[in-house]
2 protein chains.
Amino acid sequence: MNKDQHTSEGKEVDWTGFLPGIAIDCVMVGYNEKQLKVLILEYKETGFFALPGGFIRRNENLDVAAQRVLQKRTGLEGIQLNQFHTFGSLNRYAPEPMRKIMKKNGLQPAEDHFLLQRFVSTAYYALVNFEQAEPIADFLSDSCRWYDINQLPKLLWDHRDIIQKALESLRKNIDDAAVGLTLLDEEYTMRELRTLYETILDKEINRSSFHRKMVNSGRLERVGKKSTGKAHRSPYLYKFVSN
Amino acid sequence: MNKDQHTSEGKEVDWTGFLPGIAIDCVMVGYNEKQLKVLILEYKETGFFALPGGFIRRNENLDVAAQRVLQKRTGLEGIQLNQFHTFGSLNRYAPEPMRKIMKKNGLQPAEDHFLLQRFVSTAYYALVNFEQAEPIADFLSDSCRWYDINQLPKLLWDHRDIIQKALESLRKNIDDAAVGLTLLDEEYTMRELRTLYETILDKEINRSSFHRKMVNSGRLERVGKKSTGKAHRSPYLYKFVSN
DNA sequence: TACTATTGTTGCATAGTGTAACAATAATAA
DNA sequence: TTATTATTGTTACACTATGCAACAATAGTA
């Protein structure tokens, strides 16, 4: 058999249980203090950073595998995952960092170890509530943390490109994605929702147009007013309609 | 080594030269006589039909592999390929048809033969000129033919779903895809272009709105008139502007 | 020369959106 | 109590895009 000792997970990993050659990478997007965040793993003692990812079990759907990866890293279930691209460039095959990571974890991988192969990677993005998620490192990493999308550390392989493409995809789907539903608190002001849009799209949005569009979309419901404590009219609170 | 005899291609196939577990499927879309066409392979003596596909060489980019598949089946180079989804459902793993296909080709595949594994498949669609393409079967097939997208034979695995998703993707991108550029002759009337759009979108399009939109897009150029021989005003001919 | 069918074009209604202005209002200052 | 201030809610206007309908142009036919 082809097993590694991974005491940090308390069990051995049987790499033969996964499909070879194909991996999954997840861009988990959060939002806090007017900034977009992405979950990033830091590998032990190497200064290497990368997206959370995983592999597909031999009797597991691709989409289910992605759900599993997300659940492992955030503790959340039932999050909508969006497959946006599959990355298969040759220049993403660079086993040296992974070999170093494994050595730092006390492993002595053979040259043809599962993790040192070339992988094609199908990438998903997911909108994750910053408050509810609990970043959890995997057995090769010592941290899984939120990073500001504009202040990412240098990432391994093509993971910077993957995040960029995820962001483009999110921007394209922003109106369908119900971004406010996941990224904001249950109730929010129009200003907060607009700021979220502006942050994602990285451009200013006209105030009254946005207001009209959101109200007319029929997906928002007024649920009260918010006291800002400031010297001006207090804004309404909205939430997504539940149909 | 792990080689099969394939005299129809005049050489052996060394399956170890490909990445395992991941395949490519191509939806090549053509247009003829007001109907959308798709290139479909028929496997020898089995009555099995499937999309043209292939695998990724160990030192080959994913996108390049897709180009190679397309080139092999159509003889065309430089066609734009659009990756639209990666299919990884478990229910697409059904090796029995492939085993039968191989046996009909005089092969006696081992249980764990490369082609009998589970594959995740990254799918591309491409717009292909019906006149210029020369459908070419591969070594396991005895034909590669255009089929009307509304009269497809029963396809193996999930290939019907793949075509459906390709069509949805094409519809979403129809305005960017410059469909007329590839699917029509170099010069065409507004009526022909509109009929193409209507065929792809499967709905009627308002005549004058379409006319306006296309003219205002700045991507069309009037290049003359066409004699229809009919008793009415003759339409202008257009072509895509070359910038 | 009138007729017919189709194309090219234009006017009108409606919807979406950018811009600016006005109205409402909650706290603060006078 | 009243004026001030800042921000939100709303509305008017302009411009664009698009569906719809009507009119004009025209190439062949009767």
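The shown structure was predicted, so the numbers you read here are calculated from the model rather than taken from an experiment. Labels below follow one simple rule: chain letters A, B, ... track the order of the sequence lines, proteins then strands, and each chain is numbered from 1.
A salt bridge does not link A/Glu187 to A/Lys226: none of the charged side-chain nitrogens sits closer than 4.0 Å to a carboxylate oxygen. Using a 4.0 Å cut-off between charged side-chain N and carboxylate O, A/Lys172 and A/Glu168 make no salt bridge. Between A/Asp175 and A/Arg219, none of the side-chain N atoms (NZ, or NE/NH1/NH2) sits under 4.0 Å from a carboxylate O, so this pair counts as no salt bridge.
Two end axes, each from the C1' atoms of five base pairs, can be drawn for the helix from C/dT1-D/dA30 to C/dA30-D/dT1; they diverge by 30°, to 10 degrees.
Contact check, B/Ser234 against D/dT26: no side-chain N or O comes under 4.0 Å of OP1 or OP2. Contact annotation: A/Lys225 side-chain N/O to C/dA26 OP1/OP2 distance is under 4.0 Å.
Cation-pi geometry between B/Arg222 and B/Tyr236 is satisfied (NZ or CZ under 6.0 Å from the ring centre, within 45° of the ring normal). Annotation: cation-pi pair A/Arg212/A/Phe210 absent, no NZ/CZ under 6.0 Å from the ring centroid and within 45° of its normal.
Ring pair B/Tyr93/B/Phe119: centre-to-centre distance not below 6.0 Å.
Checked against D/dT8, C/dT19, C/dG8, the side chain of A/Arg191 finds its nearest nucleotide in D/dT8.
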Give me the distances for all protein-to-nucleotides 28-30 of chain D N/O pairs that come in under 3.5 Å?
from	atom 1	to	atom 2	distance (Å)
D/dG28	O4'	B/Lys230	O	3.4

* Treat primed atoms plus P, OP1 and OP2 as sugar-phosphate and everything else as base, then score nucleotides 10-16 of chain D 5' to 3': B for base contact with protein heavy atoms under 4.0 Å, S for sugar-phosphate contact only, - for none. => BBB----

* **side-chain hydrogen bond (donor to acceptor under 3.5 Å, both in side chains) between B/Asn129 and B/Thr182, worked out** => CA-CA 6 Å; B/Asn129 189 283; B/Thr182 320; over 6 Å; no

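Per the geometry, CG belonging to B/Leu193 stands 13 Å off P belonging to C/dT7, to the nearest Å.
Residue A/Gln80 qualifies as open at atom CD: its count of foreign heavy atoms under 6.0 Å is 12 or below.
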